[in-house]
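Remember, it's 1-based here, ligands and their atoms both numbered in the order they're listed.
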Amino acid sequence: MDLKSKLAELKQQAMKKIEEVNDLTALNELRVSYLGKKGPLTEVLRGMKDLSAEERPKVGALANEVRDSITALIEAQKERLELEKINQALADEALDVTLPGNPVSIGERHVLTQIIEEIEDLFISMGYQIIEGPEVEQDQYNFEMMNLPKNHPARDMQDTFYITDELLLRTHTSPVQARTMEQHDFSKGPLKMLSPGRVYRRDSDDATHSHQFHQVEGLVIDKHITMADLKGTLEVFAKKLFGEDREIRLRPSYFPFTEPSVEVDVSCFKCNGQGCNVCKGTGWIEILGSGVVHPNVLEMAGIDSTVYGGFAFGLGPDRVAMLKYGVDDIRHFYQNDVRFLNQFKVKG
Ligand code: 2NL
C-alpha cells in the first residue's frame, strides 16, 4: 500500500476511535498511540526518505494535515470530556437546600445540677464564695471539728461509710467549711461561703433515702452576726427558689454544730399555705436546718468565739427538687433514665 493510502486509512481509523472515546484516560492513550514516537504517523514520516522529490512534499503535506486533524479532534474531545466530568461532579454533589434539616437532640444539665447552680448563683449575688472539697474525709474534719467528739451520741445519728478508723465518706459538706474556716484570714474580711456537693450515708435505698445524695451548706462568719442576718438571708433564698409570695418560719431544733438551732419551713408553694397534699395539710414545708455557729466549732477552727460569730445552714437539693417537681422517688435522680431527665429540659 502506498503512503497516501496508508495515511488516509490511518486518519479514518484514528478519527473513528477518537470520536467514540468516552473517558480522558482512553483519550490520552489514543493520543500516545497515534501521535507518539512509536506511532504509525512517525513511521510514515520515517518512510518518506524513500520517496521521490516530487512525491515527498505532497505526502509531507498530507501527513501534516492528518496529524493536525487528529490533534484537533483530540483537543475537542478533551474539552468535551472535561466539561462532562465537571457537570457530573456538580450533579453528584447537588444539595437541595430547601430540604428540612435533621433535628439535633441537645442535652441539658441534670435537674439536680440545675437546682444547685440556681442556689449557687443566688448566693454568689450576695457575695458568697462557692467552695468544694474532698468526698473522702478525715474523721477530724467530718465529725471532730463539727463538735461531734468520739462517742458523742449524735454520731449515732449518722450511719457512716468508714474506709479506715480515721478515713470516711463525708456525711455532710461541713468538713469543707471546717477546712476553710481554719485557713481564713479574718483581717481581710468576713467569711461567706457555700459548699455544694455529694454526701454519703449508710442507708438502705428506698423512695426517700439514697446512700449517696447532695447537700448545700452555707456559712457566714464575721463580727456582730445575729439570728436576724440568718432569717433575712433565708427569706431571700426561699423567695428566689419557691416564689416571691413565700414566707418562712423558724422552729427550734437541735444540731451539735449550731446553738441555737432552728428548722426552717417555707409556706407551701402549691396551696399558698391553705393545706394540700404537698405540705400534708399544714401549709408549711420544711426545707432547711440552720442556726448560730456553736462557739466550740469556731474555737476548734482557731477562731476567737468572743470576737467572731456566725450562722450556718444546710439543705438537701434532692429534697428541694422532689418538692418543686413532684418527684416521688429519690432514686429517679440517680438512675439517669433519659425519659425522666428530659422532663427537666429548659430549652426544646
Ligand atoms: C440539714 C442541716 C445544717 C449546718 C448544717 C454548719 C456548718 C458549720 C458550722 C455550723 Cl461549719 N453549722 N452547718 C448547720 C445547721 C444545719 O444542716 O438538715 N441539712 C440537710
Is the distance between the ring centroids of Y128 and F237 under 6.0 Å?
-> no
Using non-hydrogen atoms of the residue, decide whether M146 is closer than 4.0 angstrom to ligand 1.
-> yes
Examine the proximity of ligand 1 to F257 and report which part, side chain or backbone, both or neither, has a heavy atom under 4.0 Å away.
-> both
What protein heavy atom sits nearest atom 16 (C) of ligand 1, and how far off is it?
-> G289 O, 3.2 Å
Is the cationic atom of R179 (NZ for Lys, CZ for Arg) positioned less than 6.0 Å from the six-membered ring centroid of Y141 and within 45 degrees of its normal?
-> yes
Does S290 come within less than 4.0 angstrom of ligand 1, counting non-hydrogen atoms of the residue?
-> yes
N-O pairing of R331 and D205 below 4.0 Å | no
Contact check: Q215 vs ligand 1, nitrogen or oxygen atoms, below 3.5 angstrom | yes
Is a salt bridge present between K4 and E65, judged by a nitrogen-to-oxygen distance below 4.0 Å?
-> no
Any chance the rings of Y325 and H332 have centres within less than 6.0 Å?
-> no
Near E217, which atoms of ligand 1 are under 4.0 Å from a heavy atom of that residue?
-> 4 (C), 5 (C), 6 (C), 7 (C), 13 (N)
Check ligand 1 against M181 and write out every atom of the ligand that is under 4.0 Å from a heavy-atom position of the residue.
-> 11 (Cl)
E79, CD: over 12 other non-hydrogen atoms inside 6.0 angstrom | no
Against heavy atoms of Q177, which atoms of ligand 1 measure under 4.0 Å?
-> 7 (C), 8 (C), 11 (Cl)
Protein contact of atom 12 (N) of ligand 1 - nearest heavy atom, named by residue and atom, plus distance | A312 CB, 3.2 Å
The protein heavy atom nearest to atom 1 (C) of ligand 1 is G314 O, 3.5 Å
Mark yes when over 12 heavy atoms from residues, nucleotides or ligands other than N102 sit less than 6.0 Å from its CG; otherwise mark no.
-> no
